[in-house]
Amino acid sequence: MLRRPKPTDSEADLLREQEQFLVSGAPSAANVVRRPDKRRGEAGGEAGDQNRGSEGDQRDVVTIEDLPDQLPSLTPAPPKKSRFKGSRVTFEDDDAEERLDRHDIHISAVLSRIVERDTSSTPVNLPAFTGMAFPKVLHRSETGNQVPLSLNGGKKSIFARQIAAQRIKEGKTPLHCEPEAAQTAEPREKTVLLPNTHVLTLFSGPRLISGQGLAGPNSSGETTRIHRENQAKLQAMSESEIIEEQKKLLSQLGRQSLFLHDNSDSSSAAALFQKPKVEMEAEEKELPLQPAVTEEDLPVKPQKEWVHMDKLEPEKLEWMRDLPAPRRKGTKKAMQARFDFAGNLIPPTEDLPTHLGLHHHGEEPERAGYSLQELFLLSRSQVIQQRSLALSTLANILTKARAGEYLSVLKGSVMSTLLDAGLLFLLRFALDDSVEGVMSAAVHALKALLVCEEEEECLDCTFSWFRGLSTFPLLPSAQEEEDEEDEGLDESMKETAKEKEERKSDHEVARQDVVKGLLKMKLLPRLRYMLEVIRPSPRVVQDVLDVLTRIARHSSSSATQVLDCPRLMETVMCNFLPTSWSAPSLPQPHTVHGLPLASAMKLLRVLAASGRHACARLLNSLGVSERLSCLLSAEPRELLLDQTQALRITTEAYRLWTVAAAYGQACKLFIDLYPALVKTLQSVHQALAPSDPLLPLQLHRILALLSLLTQVTHTAGCHQELQAGMASSQGEDCPPPPPVSWSHVTGLQTSLLGHLKSFVKSLDNSLQKQSMEALQELEHLTSEVLLPLISHSAVQGLIKNIKSSSVVCNVQSSHLGPDSIPSLPGLACPGWRDRPGLVVPSSPFPLLSGLGLLLKTIMGIHKGLICKVWYILYMDGLDYSRWIITGQATPTLSHTRAWLLRHEHLVLYLLLELVPIDPEVAKHASLYHQVALVLLPWLLPGSEYLAHELLSTIIFSKDFISEGHSGGPEAIELEELKLHEETQHHPFPSLQTVGTILREACIQLPSIRGCFLTHLAHLESSVLVSRDAFLGRNPWINSHLLPELTGPTLPSDWPFLPLVSLYERMGVSDGGGLAVEELPPGALPAVTHCLQWLLLLEIWREDALKVIPPVAKLARLSCMFLCSSDLFLERPVQNLIWGLPSKLDSLDLNIPPPGLASFQDLYSALLAQYEAVSFGDRLFGCWVLLPLQRRYSTAMRLAVFGEHVGMLRSLGVTLEQLGIPMERFTSPPEDSLPLLRLYFRSLVTGTLKHCWCPVLYVVALSHINSFIFSQDAAAQSLGITVSSAALITSIPFLFFLPPQVLRNHLLLFRLPYQHSEFGFDMYEQLPPIRAKNYLKIFQNHNTAKG
């Protein structure tokens, strides 16, 4: 058998093996055949073999046996299609080869088109004769034979410069120079040093003068002569003379003239006159230019053996110079911010050493630090260390930005700048990195962006407060605009919010809501992968859990996504909340997987607070109940954990259990762990030393335990009600009764009261022991516990801090808030320990809220005990109430204040609820009533029950409106009588006085309250939800997330609610006419009660309505005229409305009223309604005349005299009925030319008459008279007086009245006078000045006519 050749075989071996193969006669594995050429008409097979010998050009083709002619397709790919094939026209008998020959162009066809250039006139230059057989080879080292860069046209290679120098030596023109310049070029050059270290190189040839403008054959010689004269003058001038000539040129020529020449020729000359750009506040001394780098400046001397290192290139060695000194003065323009690795802002004048690693070769190399743009660039570097360093630096910058450290030194928001630049996507991409260090740095930066540790600390501190476990969802407050595509579509055809959200891109979602954008970018699966697979370091685990907690605080839907993420919660439960673990060998273990973490328990607590269903899933499906039993059945010191970690995780376990108990869940666990809880409760009296570092943790643990017992007690209180409801429901949906009842919690009372009593005694370290035998009696509780507690000096000192700790009293605080953005709301807590506030230890609000709730409960059982406690708090309550009233600054509604404001609102509500009905307290009843009126529109979502209680008990209570039964109406009547005697006329044409109306309103207060509660019936469901939360009806609570923070519970203009509701129900057409024929039943009583309440507030509680602008009041009251055609004609409505205009005379109609784009639109509707249904009503007429005062916009007067001129016939309001001084309509004189023309036209045409519209008749006369006899040159320049005189002379032909009447009114008008016959005073005859002016106008008119 023949063997195959091997690589080691020699040539002799191969020849020998070939001979053996030929002798054996074995068939070859491949045959050499020749395929026929179809284009030459050759056939295959035998014909081809016959022609093989006759052809000289034979090709060998290697063929392999059993090889198919066509290769089989490896994949079932579709056949390729040509996009040009469809446009071609082919026939069946058309041969493809012939078609290819037709389109194939031979090379001869291409060569035939070449046209040779005519070279007959081109001179032939023979090469220079040398003594060498061959031309000399050019070497880079020969630098002497190179054209300088200035003549070489800029930056050229060394080889090109040598070629140019050789051409010059040979007498040829360089390829880049003019012939004249080449002919006069000489290698000799001189150097002249000018001031400011500028170097001027003087060549023998001209640099700036080309001679193109010179005529004659010897223009080049003339150019050379001029250049040599200039050069000789420069050499003869001294340095001071050169400077003087330079300044003279700069003063004669503009700076733009210096750069008109080509850049390649004028770069050196322009450098002489170009000042260095210095962005400083003051002119600085110019620094000398550094000399070029020489071989002596190099730290390492080049060696001859180094290839291509024998020539210095200065431009490439500039980076080896020392850094220039930083600027010592600030600039006028803003400079780019630079940060060190810790996130600190580096001042631009600070000179830091280079070993810190903050200098680099980017922009401004002399400045230390990195800009945000450079950090973004580094974060995408190929070097792992650079990516990690950039992300860590960004994390430090974000942390300081959230703390507000850059607000006073930087322009703009760092957070907004980073997010607009794409920080979110940068961090998300970094999380997908394959390097654990980069992923850890990205997680840390993500935590710095989302989480503020001080905010979490504040929320933990307020958890044990009343309803402290409830929080607002951290949703952005900016509302989304409706798409234009949905306008005009039916509700069923419009896209839902979820569909719109899915249609948006990641960038659009992240720009509106950062957390939603992260969830859309699949952040949760990546974090789960890191915890489950990567198993990072303890710090990264802590950061991941904090990020998950912040996402869960966003909204209930975000919390649900965290729960639904595959294997995420299972990973957290198995790795960070195990049921068993071993004690760590090190105080700081290298990994926390397998150890219980407090942050994991906190994550579960926030998830449980999002909803009842989520809490049930945690307790039942994920085994949280077993974890609670494991952690709380033993003492913290018995857990195999560090004492600090043990206290923290048990505290979080109590808090999680509190949230579950607030739903009525996990109560069976209370029965099982009752002995352990009692044991923990009994150990509360074991006080720790004040210097013990574990004291704050112990106090938080005790507070969490008391919160748990409070919620369990609330749930047990609902047991009997639920049991009775279940028995009577008969199969209807009813929550089952909880396993705990009142008997399970009554044993806690003795222990709790004993601790409270011992705490009161420990305030002054008294050693006296008093027995309390009947603790269950409220009298003993009040006398022995509450009264000593409240009257103690420590508590009294704490209460004195109420103003400094109040959020409401310090709305205008000068404290700079943190750097927050709308798409990522926060609580503004950085630095909360260093300034007064609601959460600091010196704040009395936690004590007052708990004490107020206890006193309210006692008052519900024994009303007589409240007076004993109230008089201790009497003066502090009065001072606090006065601060609330005098401040009158509405707190800004945002997440930064809302989470604190709701706690202060509760204290204010309890203060009002505890006010006893006592003669001593009744002296200040009006003060407390004003506090209630101020508090009502402040209440936030989730406090609807408090608003309902205020409306039901205090707002409309006769006891708090003391003026109604202490001579208030009588005082108003006396004031009216005095005004009537002084003015000799009634202030308004009403049959009833304001005092009588107020007396009737006080009688109707219960009906008024019922009217407003009826119009607030749409809040019933929210009131019931809020009531369950405030009264501790835990089994009915569905979520501890408060409603979204979209606005207060009630609007600030809630007293106008019945009027606005009626207007919205009735509707108004475009023309202003009524769209509904009849008013609904009860509309008139509702409007009457609303107006009674408004009149009462305007007279006795004017300060409470200061938050409503007068223009808003006018707009709301206008709804009464627009909602019906005859409602304003009712006698009760007329009497009430006539009492209000005196309070509306300080309007500012130039600002748009809240809820309307402009007042002009509303006024147009009022005019149309007046024309349609007013019937000349005086009340409606006064309402229409009110905006026509001179100080308001001219557009409203133009609307009356232009579009609605027909209403002038029925606007019969007299000057006495108007109640507004006429000077407000006539002063200052009108300066609107179109309006003056309309005034005159309405008088001349008879549209405006005194008997039809007295007020506007006087107004028109006053303005036209002032314009005709105006001495103002500007008025005379308008050119109107002539046309006015022409119209005056034509009055007899246009009026039905005697012509002398209107003529006299126009010419003899003097001043408006209310008590005269026509409402104005007149001259008996024209004064001389006016007569002269009138005669001049008349003569000008006759001249123009002639």
Just so I know, are the side chains of [X] and [Y] near enough to count as touching, which here means a heavy-atom distance under 4.5 Å?
{"X": "Q1092", "Y": "L1136", "value": "yes"}
{"X": "R1190", "Y": "T1226", "value": "no"}
{"X": "L1016", "Y": "L1050", "value": "yes"}
{"X": "Y1257", "Y": "L1208", "value": "no"}
{"X": "I1151", "Y": "D1148", "value": "yes"}
{"X": "L1091", "Y": "P1132", "value": "no"}
{"X": "L1096", "Y": "C1002", "value": "yes"}
{"X": "L936", "Y": "L951", "value": "yes"}

Chi angles and distances behind the side-chain contact (heavy atoms from CB on, under 4.5 Å) call for S1118, L1162: CA-CA 8 Å; S1118 299; L1162 176 65; 4.3 Å; yes
Shortest non-hydrogen contact from [X] toward [Y]:
{"X": "Q1217", "Y": "W1138", "answer": "O-CZ3, 3.8 Å"}
{"X": "G1181", "Y": "L1211", "answer": "CA-CD1, 3.6 Å"}
{"X": "P1055", "Y": "C1090", "answer": "O-SG, 3.2 Å"}
{"X": "C1011", "Y": "P1058", "answer": "SG-CG, 4.1 Å"}
{"X": "A1165", "Y": "L1122", "answer": "O-CD2, 3.7 Å"}
{"X": "A1001", "Y": "I1008", "answer": "O-CD1, 3.8 Å"}

Interatomic distance, [X] atom [atom1] to [Y] atom [atom2] [nearest 0.5 angstrom]:
{"X": "L927", "Y": "R882", "atom1": "CG", "atom2": "CZ", "result": "6.0 Å"}
{"X": "M1207", "Y": "L1166", "atom1": "CE", "atom2": "CG", "result": "9.5 Å"}
{"X": "L1095", "Y": "L998", "atom1": "CG", "atom2": "CG", "result": "5.0 Å"}
{"X": "R1131", "Y": "T1088", "atom1": "CZ", "atom2": "OG1", "result": "13.0 Å"}
{"X": "S1262", "Y": "L1311", "atom1": "OG", "atom2": "CG", "result": "8.0 Å"}
{"X": "I1099", "Y": "L1094", "atom1": "CD1", "atom2": "CG", "result": "11.0 Å"}

Q | Ion pair E1230/R1197, N-O distance below 4.0 Å | A | yes
Check the pair L1105, I1108 against side-chain contact (heavy atoms from CB on, under 4.5 Å), reporting the backbone distance first and the verdict last. CA-CA 6 Å; L1105 293 180; I1108 309 175; 3.8 Å; yes
Criterion side-chain contact (heavy atoms from CB on, under 4.5 Å) against W938, the qualifying member of V1107, I884, T1049: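 Of all the options given, the one that passes is I884.
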Can a donor-acceptor pair be found, under 3.5 Å and without considering hydrogens, that links the side chain of [X] to the backbone of [Y]?
{"X": "R1178", "Y": "G1212", "answer": "yes"}
{"X": "D1053", "Y": "F1056", "answer": "no"}
{"X": "Y1170", "Y": "S1210", "answer": "yes"}
{"X": "H1015", "Y": "S1061", "answer": "no"}
{"X": "Q1134", "Y": "F1128", "answer": "yes"}
{"X": "Y1239", "Y": "L1256", "answer": "no"}
{"X": "E1203", "Y": "V1200", "answer": "no"}

R1101 meets the salt bridge (charged side-chain N to carboxylate O under 4.0 Å, His left out) criterion, sequence neighbours left out, with E963
Derivation of the side-chain contact (heavy atoms from CB on, under 4.5 Å) call for V1173 and D1126 | CA-CA 8 Å; V1173 299; D1126 57 354; over 6 Å; no
Using ring centroids (six-membered ring only for Trp), state whether W1054 and F1012 fall under 6.0 Å.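 For F1012 and W1054, the ring centres are under 6.0 Å apart.
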So, for W1093 and F956, is the gap between ring centers shorter than 6.0 Å?
-> yes
(Q) Using the rule given for side-chain contact (heavy atoms from CB on, under 4.5 Å), can you reason through W1183 versus I1137, listing the C-alpha separation, both sets of side-chain angles and the distance that settles it, and then say yes or no? (A) CA-CA 10 Å; W1183 208 262; I1137 290 292; 4.1 Å; yes
